[in-house]
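Notes follow the structure.
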Protein chains: 2
Amino acid sequence: MPVKIIQSAPSAYAYPLLIKHLLHTPLATSPDQEICYQGKLRFTYRTLRERIGRLASGLAGLGVEAGNTVAVMDWDSHRYLECFFAVPMMGAILQTVNVRLSAEQILYTLNHAKADVLLVNREFLPIVAAIAPRLERLRRFVLIDDEGGPVDVPVVFASEYEQLLAASSPNYDFPDFDENAQATVFYTTGTTGLPKGVYFSHRQLVLHTLGVATNVGTASVHGRLHREDVYMPITPMFHVHAWGFPYVATLLGVKQVYPGKYLPGALLQLLRDENVTFSHCVPSILQMLFAHPDFAKTDLSRWKVVIGGSAMSQALASAALKKGVDAFTGYGMSETCPVLTIAHLTAADLDAPEAEQVSLRCKTGLPLPLVDLRIVTAEMNDVAHDGNTTGEVVVRSPWLTQGYLDASQPSQELWAGGYLHTQDIGNIDARGYLKITDRIKDVIKTAGEWASSLQLEDVVGAHEAVQEVAVIGLPDEKWGERPLALVVLKPEFEGKVSEHAIRNASAALIEKTGISRHGVLLQVRFVKALLKTSVGKINKRAMRESLDTL
Amino acid sequence: MPVKIIQSAPSAYAYPLLIKHLLHTPLATSPDQEICYQGKLRFTYRTLRERIGRLASGLAGLGVEAGNTVAVMDWDSHRYLECFFAVPMMGAILQTVNVRLSAEQILYTLNHAKADVLLVNREFLPIVAAIAPRLERLRRFVLIDDEGGPVDVPVVFASEYEQLLAASSPNYDFPDFDENAQATVFYTTGTTGLPKGVYFSHRQLVLHTLGVATNVGTASVHGRLHREDVYMPITPMFHVHAWGFPYVATLLGVKQVYPGKYLPGALLQLLRDENVTFSHCVPSILQMLFAHPDFAKTDLSRWKVVIGGSAMSQALASAALKKGVDAFTGYGMSETCPVLTIAHLTAADLDAPEAEQVSLRCKTGLPLPLVDLRIVTAEMNDVAHDGNTTGEVVVRSPWLTQGYLDASQPSQELWAGGYLHTQDIGNIDARGYLKITDRIKDVIKTAGEWASSLQLEDVVGAHEAVQEVAVIGLPDEKWGERPLALVVLKPEFEGKVSEHAIRNASAALIEKTGISRHGVLLQVRFVKALLKTSVGKINKRAMRESLDTL
């Protein structure tokens, strides 16, 4: 295209989209606002900026250069926030290590990402001790230590985090560079194969920040994030940048609360004591908070919480509403930075009967600015937006990983046809609401048709005795597959309800709602617990493979 | 910097920041929302998208290609909105012509911008008739006609706008291209010299849209724009993209109301009938609405309005508050796309006495996301943020014109030292609030010190008899310059108050507030009217030069 490219005066500043530029606004608008760690430590944005400078100076002193990779193993902390900024701002790459992976997997990801330096919380030293001899490139370690005391691992620490900062200058001249420079890397916790690395540039993270802020800012009547909110993440910072919200919160200059390790009692206390108003978490964490003895005494009527990671059940959404919690769904994945859609209700929706509201809050909502989201057939044709016809969700946006790290075949599959393939099955209704009905690999093929395991889970989960449920497909000679519901009962119902009773109640509901012609083939089996992945997602593959031992 | 640039799968979509991508979200989230013209015509976003396609097809049929310039002379309309999208989306450049300039200036800007095609409202045909023979490159004209009837100008029209659309296909394949392609051009209405062209790329307009949306979305307690607002511009679309809000409103998928020519009665009627909740305008337009007979019967208690262009007087801000209008200041200029800062108050501010609120609403507020705004000395050193020390406002952001079109010397001066020089004098207070105290060329130098003409205007304007006031510096042998207040009296005070009385009241207030040591040298002169520029800004240069005839 012979378009005309804009002229630039020689001294004009072209303004690359770099993470460092996210700091201008909070430093101008709320330099005295608080960053708080576990309610024990608090400092201002002015200090945050100083500490970011000190961290960069300290890392430079350890030999970190542009293009190097700095890995972090920590719970959610002010330190992690400092790493979110300082490391990429140096031109280096931040590897956020999933601390819930096995030691072998962590070793694999550190080697695969070619990490040069590791900042590690004392709590994870046993892992480091186990893998240290087999680390290929990583030679420098910085200890993160809330407790103090002797360290007994065969690793030499270059410094302790706070000592490193204290000994280093706050004045670090963060340079300009190409906005397509890699800023972060982390590994997907897929249920098959080796972990795969996804990576994001400065440009992508800045655009994700603006896209998310625009979306959550402009929500009309609920679930909005504004500049006097108090933010606390409850999805880990090692997992897709804590959904990118630490960058959003910092840009807006709001009070931020970092909880350390997720302990339900401590989380509830922080929600109370720090007046937290905005969070995000997976359904199982919300469930955990709701089940805690301190839940009753915690006022959560000002709390807005985006739910993602797996589908929020209608039962959980109802319980949240009952408590006054403003819970609503977001959708995305490691490959997408992550946020793609969020479910905000309109003023009219909030006047609708509760069941309707609950249903909307459990859908995954409407796309964010600049997100081009389609549901397509295998031939990449769009399906009807009738709230019923399903297909694969494919997407474009300015913040999608452009591949898997050093893995060309999976990268090509991910981007087949120029759209990122989510491997999620879903539908879009007449209002544009996206609903995820399954993962491609979890979908149940019965009598040549697809049955949605998530819809069946909602049906089974509606029974009062059911605490958790996962529906998987079992090979069946006649039908191809038959749906099997693995059910964890609420403790008070154990021994008081039969598999048969739940099966019958579910079948009746399936017939009534007409959701699946072959749903009546459903079987029910009680299990002690569901298997989950390291980030708390239900692991259906593992359950299919080890049905006998559940 | 040896940073690591992210790898991309061959088929990965890199997602250039193009204006066409702003349309994904509204089409997914609110395809049935309304665009309304003058209350007479209304259609949906779905239709908007179709009409954008038709317009592009039609223009292509007239020979428009990527890199060409399409000029528009129209009042604020749905057609203008269509041009905001269709023209840049083709890879062509939209020239928004300031219809309030003289015919000679319009001729100059059309020739300077090398416009190829002109879309012109019937109302401006006399201008076109006068300049047509001297247009250097422009040969194709499209008539914009709300009324119909014969056209009597020596120009051949290729088509009429609606006929062109009706005859053209809605299916136009908008291509991808470099996000640094020029999207728009228009001319600054400076008070000296020839008009200067400023220009913006697709990338800049997309980033400005996200920056503004994030800012107005995340406002905490007032003045926020959300997805159920109803938007109507009251700063012209030919002037700095109507402050960029038509792009923001479209991205958010809100109802949009385009008023045509600004007639106070019609504006008030649209505000009432269409339930408009969000606008922006210059102080003189607000004044005009407030003075209209229909004002009393118009409920404006849900109306939020950003005030810019010139300083909002405290008297006007008070009057707005009294009416229930949520008026607050924004700051920017043609060179800056335009928005740089907006004055949103906090919850605590809204509890403060009204005088304090009014004062904050009249300051220009806090910087938008990614805006790096400084107040500097002539040597580019930052001044203290004490709310008192003044200097020039210089700025960086991702949406500043990178120069003046084909004017290398002014471009270099604009960007001296790598920051855009606004030529505005201001201060920043401890809270970070920017206050503009003067234009560099309007500042009054008395006894070797700078006196702020805007501050003096606030003092004089506080007198109940004063409708409008402009303070200029007059050469004075003893003092260098002496401030002279040119005052337009309210009609009901004519003949009932003397220049002397207002001078004395102002001097007393100056002494009391201590704003300017030499402010007491102020003189007052009554005039029939103030001279203004084509966009309604007070033209102090013209008044200095023609004092005798005022």
Side-chain angles (χ1 to χ4, degrees), chain A residues 1-13 15 17 21 24-25 28-29 66-67 91 93 175 177-178 180-182 199 201 210-211 213-214 217-220 225-228 251-252 346-347 366-373 396-398 402-403 411-412 414-419 432, chain B residues 1-13 15 17 21 24-25 28-29 66-67 91 93 175 177-178 180-182 199 201 210-211 213-214 217-220 225-228 251-252 346-347 366-373 396-398 402-403 411-412 414-419 432:
Chain A
M1 289 283 297
V3 293
K4 184 178 169 195
I5 304 300
I6 54 169
Q7 312 163 356
S8 287
S11 56
Y13 186 67
Y15 210 106
L17 298 176
H21 287 312
H24 292 300
T25 315
T29 63
I93 297 158
F177 45 75
D178 189 326
N180 295 308
Q182 188 180 330
Y199 45 90
S201 67
L210 292 174
T214 293
T218 60
S220 57
L225 175 62
H226 62 71
R227 301 199 291 269
E228 293 193 66
L251 176 68
L252 300 184
T346 64
L366 296 168
L368 262 60
L370 303 182
V371 170
D372 172 14
L373 186 145
R396 288 174 167 178
S397 92
Q402 299 287 290
S411 298
Q412 283 184 35
L414 181 67
W415 276 103
Y419 276 79
Chain B
M1 289 283 298
V3 293
K4 183 179 170 196
I5 304 301
I6 53 169
Q7 314 163 354
S8 287
S11 56
Y13 185 65
Y15 209 107
L17 298 176
H21 288 312
H24 292 301
T25 316
T29 63
I93 298 159
F177 44 77
D178 189 326
N180 295 308
Q182 187 181 329
Y199 45 91
S201 68
L210 292 173
T214 294
T218 60
S220 57
L225 175 62
H226 60 71
R227 301 199 291 270
E228 294 193 65
L251 175 70
L252 300 183
T346 64
L366 296 169
L368 261 61
L370 304 181
V371 170
D372 173 13
L373 186 145
R396 286 175 168 177
S397 92
Q402 298 287 290
S411 297
Q412 282 184 37
L414 181 69
W415 276 102
Y419 277 80

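Numbers restart at 1 for each chain; the letters A, B, ... are given by sequence-line order, proteins then strands.
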ask   = A/A181, A/P175, A/A213: which one forms the most heavy-atom pairs within less than 4.5 Å of chain B?
value = A/A181
query = With a 4.5 angstrom heavy-atom cut-off, which part of A/L252 approaches chain B: side chain, backbone, both or neither?
reply = side chain
ask   = Top residue by heavy-atom pair count (under 4.5 Å) with chain A, among B/L225, B/I93, B/T346?
value = B/T346
task = Counting only heavy atoms closer than 4.5 Å, note whether A/L373 contacts chain B via side chain, backbone, both or neither.
result = neither
task = Output the option from B/L17, B/L366, B/L370, B/L251 having the highest count of non-hydrogen pairs under 4.5 Å with chain A.
result = B/L370
message = Counting only non-hydrogen atoms closer than 4.5 Å, does A/P2 touch chain B with its backbone (N, CA, C, O), its side chain (CB onward), both, or neither?
response = both
inquiry  = Counting heavy-atom pairs closer than 4.5 Å to chain A, which one of B/S8, B/S411, B/G417, B/G211 comes out on top?
reply    = B/S8
query = Can you name the closest pair of heavy atoms from A/W415 and B/Y13 and give their distance?
reply = CZ3-N, 3.3 Å
message = If only side-chain N and O atoms count, and only distance matters, is there a donor-acceptor pair under 3.5 Å linking A/Y15 with B/D372?
response = no
query = Does B/T218 have any side chain to side chain donor-acceptor pair (under 3.5 Å) partners at least two apart in sequence or in another chain, and if so, which?
reply = A/R227
ask   = Which heavy atom in A/N180 sits nearest to a heavy atom in A/D178, and how many Å separate them?
value = N-OD1, 2.7 Å
ask   = chain B heavy atoms under 4.5 Å from A/P369: which part of the residue, side chain, backbone, both or neither?
value = both
ask   = For the candidates B/S397, B/G91, B/G432, which exhibits the highest count of non-hydrogen atom pairs separated by less than 4.5 Å from chain A?
value = B/S397
query = Looking at B/G403, B/A28, B/P10, which makes the most heavy-atom pairs under 4.5 Å with chain A?
reply = B/A28
query = How far does CD of B/Q402 sit from CG of B/L414, to the nearest 0.5 angstrom?
reply = 9.5 Å
task = Against chain A, work out which of B/H21, B/Q412, B/Q7, B/K4 has the most heavy-atom pairs shorter than 4.5 Å and name it.
result = B/Q7
Which portion of A/A416 sits near chain B, non-hydrogen atoms under 4.5 angstrom = backbone
request  = Pick whichever of A/G217, A/A347, A/P398 has the most heavy-atom pairs under 4.5 Å with chain B.
outcome  = A/P398
Side chain to side chain donor-acceptor pair (under 3.5 Å) involving B/S220 - partner list, sequence neighbours excluded = A/E228
